[in-house]
S.K.: 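Would you mind keeping the following structure in view while I ask a few things?
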Amino acid sequence: MESLVCVAVWAVTFAMVMAFIMWAYRWSHPKASGRLPPGSLGLPLLGETLQFFAPNPTCDVSPFVKERLNRYGNIFKTSIVGRSVVVSADPDLNYYVFQQEGKLFESWYPDTFTEIFGRDNVGSLHGFMYKYLKTLVLRLYGQENLRAVLLADTDGACRASLASWASHPSVELKDAISTMIFDLTAKKLISYEPSKSSENLRKNFVAFIRGLISFPVDIPGTAYHECMQGRKNAMKVLRKMMRERMADAGRQSEDFFDVLIEEQRRDKPVMTEAIALDLMFVLLFASFETTALALTLGVKLLAENPRVLQALTEEHEAIVRNRKDRDAGLTWADYKSMTFTSQVILETVRLANIVPGIFRKALQDIEFKGYTIPAGWGVMVCPPAVHLNPEIYEDPLAFDPWRWQDKVEITGGTKQFMAFGGGLRFCVGTDLSKVLMATFIHRLVTKYSWRTIKGGNIVRTPGLSFPDGFHVQLFPKEMAPSSVLNTACSV
Ligand code: HEM
């Protein structure tokens, strides 16, 4: 009897081991109708997730991507956060993916992203609903409103913020710029006034860049957990605000939230409460964090490249000289005349690679350059691999705004430049972001000098962050001690 039990236990164990081996084999050798791109799917379930998130303290392509590009070429397969993904550094495939949005590919992001931004966030919507939301957002952040309203607002915010920072012995620039842009955009979006509100709304968006593409482990201490807590708190505030406004039939439209509420009040509304709330949540985050990171890196790069700073300062001093009233606000014509500044901005976002991966899902089996991307697989377009490719950009890690000279104005993604995405989903905040950066630079270089106090080192996991901040001291130009100006030195 005992030996029978022993045999049964062995048989069950053997069957389980065999089942596991077969499952693991199927995992690493997935079925496909054609030839899959080269690469490894890593360990079962875990895939190559740990390698993907390994910190990279440089502006260069992450070691994860670089090693695989060297080994497999511009298109390779991997598995991250539980999904099989084809990574593309191939300019033709990237372009194809963008052009085929909604046909062969559709927007898809890892589950962490969807949980944090909400299942009805703009990145997860398609077709009519998506186009309708995009049109609404462009009413706020498109060129027309930027020219009529937002340019003056951003100029005022940059002026006031820089003046107040200049009275401090040290300012952590990333946080200070984030606060400035958040306060400005949250006012436009929900009439948020930090001084009058009991909620510190911005603190709910801390750790988002790290958390969006992270391990979906919801335990205290993880970036994902921090993001989820932030989402819950911010959504509570937004939901309460929306219900109060919905109940107030006589309310006049004051901000973008009111526009969404009016849409919900229509006879046959297409906008649901969930879509409106997720949209507000995404906009509150995207409006400030992306641009704040790019600007902080930009100031650091300027401090490290005095020749660029010199040329930039000359452009802005000429704008001031040509004004009747030297203290007047920036005009749209001033903004449009900033040729070198726009090159500096392009060069900064090329090196910043704020969005390290643009995700899509294949809607059917797709053949490309001899490889098959199976239906349902993810595709990650990898902007850093294009922006830092020496065959496209000579000496790619050099901060060289002159490389953009005589290039046509970029109004969408191209095969060589996709910092703001491409195709149908080209970033709706591109123009706002450029206006913010240009007005900030204008006020900074015409009125102030600065020196680095400490920090400024970066880490990409793979989203960009400044782990020790970037602490600077600002001086009004006329009061600046000449020996320490605009230096990258640390104390
Ligand atoms: C340096 C600043 C910025 C960078 C580098 C950036 C980058 C990007 C990229 C690469 C995409 C494409 C994502 C995709 O195709 O899946 C995108 C989309 C988007 N961005 Fe930005 N962005 C910036 C600033 C902003 C700002 C200021 C806003 C404010 C509204 C914003 C709002 C959005 C939204 C709502 C989308 C989704 C659009 C869609 O799905 O069609 N972004 N951004």
Side-chain angles (χ1 to χ4, degrees), residues 88 94-95 97-102 105-110 113-114 117-118 120-127 129-142 145-146 150 154 177-178 180-182 184-186 188-189 205 208-209 212-213 256 275 278-298 344-361 378-384 386-387 410 412-414 417-440 463-464:
S88 168
N94 296 344
Y95 192 70
V97 169
F98 288 140
Q99 294 314 307
Q100 289 298 320
E101 171 71 34
F105 299 94
E106 72 177 16
S107 174
W108 163 81
Y109 276 83
F113 192 99
T114 318
F117 273 166
D120 289 309
N121 86 79
V122 62
S124 304
L125 296 175
H126 311 283
M129 196 60 213
Y130 166 71
K131 285 189 191 141
Y132 163 77
L133 283 196
K134 191 158 181 166
T135 312
L136 281 182
V137 177
L138 285 173
R139 265 171 39 197
L140 177 67
Y141 286 151
N145 200 40
L146 278 168
L150 293 179
T154 57
I177 297 177
S178 293
M180 175 188 85
I181 304 180
F182 184 83
L184 172 78
T185 49
K188 296 286 155 198
L189 291 167
F205 295 91
F208 260 60
I209 289 271
L212 279 176
I213 307 173
F256 189 68
I275 291 177
D278 279 349
L279 179 64
M280 291 310 297
F281 184 78
V282 168
L283 290 180
L284 277 172
F285 164 74
S287 301
F288 82 99
E289 187 66 2
T290 47
T291 312
L293 280 165
L295 254 180
T296 307
L297 187 71
V344 169
I345 291 171
L346 288 177
E347 185 66 349
T348 302
V349 292
R350 178 185 73 82
L351 285 171
N353 284 306
I354 302 293
V355 177
I358 299 177
F359 287 85
R360 296 291 183 267
K361 183 170 80 181
V379 176
M380 186 185 98
V381 169
C382 184
V386 175
H387 296 154
I410 290 174
T414 69
F417 182 75
M418 54 198 67
F420 295 103
L424 200 63
R425 287 189 181 264
F426 186 69
C427 174
V428 284
T430 309
D431 288 321
L432 168 68
S433 182
K434 287 180 178 171
V435 163
L436 273 164
M437 288 194 250
T439 45
F440 185 84
L464 175 66

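Order of listing sets the numbers, starting from 1, for every ligand and every atom in it.
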S.K.: To the nearest 0.5 Å, what is the distance between CD1 (I358) and CE (M418)?
M.R.: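 So the CD1 of I358 and the CE of M418 are separated by 7.0 Å.
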
S.K.: Which is it for L436 and ligand 1 at heavy atoms under 4.0 Å: side chain, backbone, both or neither?
M.R.: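 Contact part for L436 vs ligand 1: neither.
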
S.K.: Do E289 and S178 have side chains that approach each other closer than 4.5 Å (heavy atoms only, starting at C-beta)?
M.R.: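 E289 reaches S178 side chain to side chain.
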
S.K.: I want to know if ligand 1 touches R360 in the polar sense, i.e. an N/O pair below 3.5 angstrom.
M.R.: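 Looking only at distances, the answer is yes, because the N/O contact criterion of under 3.5 Å is met.
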
S.K.: Please confirm whether the backbone N or O of G118 pairs with a side-chain atom of N121, one donor and one acceptor, at under 3.5 Å?
M.R.: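 Present.
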
S.K.: Atoms of ligand 1 less than 4.0 Å from I358 heavy atoms?
M.R.: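 Going through ligand 1 atom by atom, the ones under 4.0 Å from I358 are 10 (C), 14 (C), 15 (O), 16 (O).
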
S.K.: Can you check whether A286's main-chain N or O pairs, donor with acceptor, with T290's side chain at less than 3.5 Å?
M.R.: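 It does hold such a pair.
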
S.K.: Looking at every heavy atom in both L464 and A352, which two are closest together, and how far apart are they?
M.R.: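 Reported closest heavy-atom pair: CD2-O, 4.2 Å.
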
S.K.: Identify each donor-acceptor pair in which a side-chain atom of residues 422-433 lies under 3.5 Å from a protein atom, sequence neighbours left out, and give them as a table.
M.R.:
from : atom 1 : to   : atom 2 : distance (Å)
R425 : NE     : E101 : OE2    : 3.0
R425 : NH1    : V122 : O      : 3.1
R425 : NH2    : L125 : O      : 2.4
T430 : OG1    : C427 : O      : 2.7
S433 : OG     : T291 : OG1    : 3.2

S.K.: Please round to the nearest 0.5 Å and tell me the distance separating atom CG of L436 and atom CZ of F288.
M.R.: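 Going from CG on L436 over to CZ on F288, the span is 12.5 Å.
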
S.K.: If you count the atoms of ligand 1 from 1 in the order shown, which ones are under 4.0 Å from a heavy atom of L283?
M.R.: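 Listed by number with element, the hits are 30 (C).
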
S.K.: Can you count the protein N, O or S atoms that lie less than 2.8 Å from atom 21 (Fe) of ligand 1?
M.R.: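 Count of protein N, O, S atoms less than 2.8 Å from atom 21 (Fe) of ligand 1: 1.
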
S.K.: Considering P356, S287, S107, which one's heavy-atom position lies nearest to atom 27 (C) of ligand 1?
M.R.: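 When every heavy atom of P356, S287, S107 is considered, S287 comes closest to atom 27 (C) of ligand 1.
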
S.K.: When you measure from the side chain of H387 to the backbone of N353, do you find a donor-acceptor pair of N or O atoms at a distance under 3.5 Å?
M.R.: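 Side chain of H387 to backbone of N353: no pair is present.
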
S.K.: Note the single closest protein heavy atom to atom 40 (O) of ligand 1, along with its residue, its atom name and the distance in Å.
M.R.: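 For this ligand atom, the closest protein heavy atom is R425 NH1, 2.9 Å.
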
S.K.: Please round to the nearest 0.5 Å and tell me the distance separating atom OG1 of T154 and atom NZ of K434.
M.R.: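 So the OG1 of T154 and the NZ of K434 are separated by 15.0 Å.
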
S.K.: I would like to know whether F117 and F285 meet ring pair (Phe, Tyr, Trp, His ring centres under 6.0 Å); could you show each step before the answer?
M.R.: CA-CA 9 Å; F117 273 166; F285 164 74; 5.5 Å; yes

S.K.: Got the closest protein heavy atom to atom 39 (C) of ligand 1, with its distance?
M.R.: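 Ranked first by proximity to atom 39 (C) of ligand 1 is Y130 OH, 3.2 Å.
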
S.K.: May I ask which of F98, F426, Y109, F359 has a heavy atom nearer to atom 13 (C) of ligand 1 than the others do?
M.R.: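 Nearest option to atom 13 (C) of ligand 1, by heavy atoms: Y109.
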
S.K.: State the atoms of ligand 1, each with its element, that fall below the 4.0 Å cut-off from a heavy-atom position in Y141.
M.R.: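 Within the 4.0 Å cut-off of Y141, ligand 1 contributes 29 (C), 30 (C).
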
S.K.: Using heavy atoms and a threshold below 4.0 Å, how should the contact between F288 and ligand 1 be classified: side chain, backbone, both, or neither?
M.R.: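 Within the 4.0 Å criterion, F288 makes no contact with ligand 1.
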
S.K.: With rounding to the nearest 0.5 angstrom, report the CG to CZ distance, N145 to R139.
M.R.: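 Here the interatomic distance stands at 10.0 Å.
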
S.K.: Is there side-chain contact between F359 and V381, with heavy atoms separated by less than 4.5 Å?
M.R.: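 A side-chain contact under 4.5 Å is absent here.
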
S.K.: Specify the protein heavy atom at minimum distance from atom 37 (C) of ligand 1: its residue, its atom name, and the distance to 0.1 Å.
M.R.: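 The protein heavy atom lying closest is V122 CG1, 4.2 Å.
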
S.K.: At what distance is the nearest protein heavy atom to atom 7 (C) of ligand 1, and which residue and atom is it?
M.R.: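 Atom 7 (C) of ligand 1 sits closest to the protein heavy atom A419 O, 3.4 Å.
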
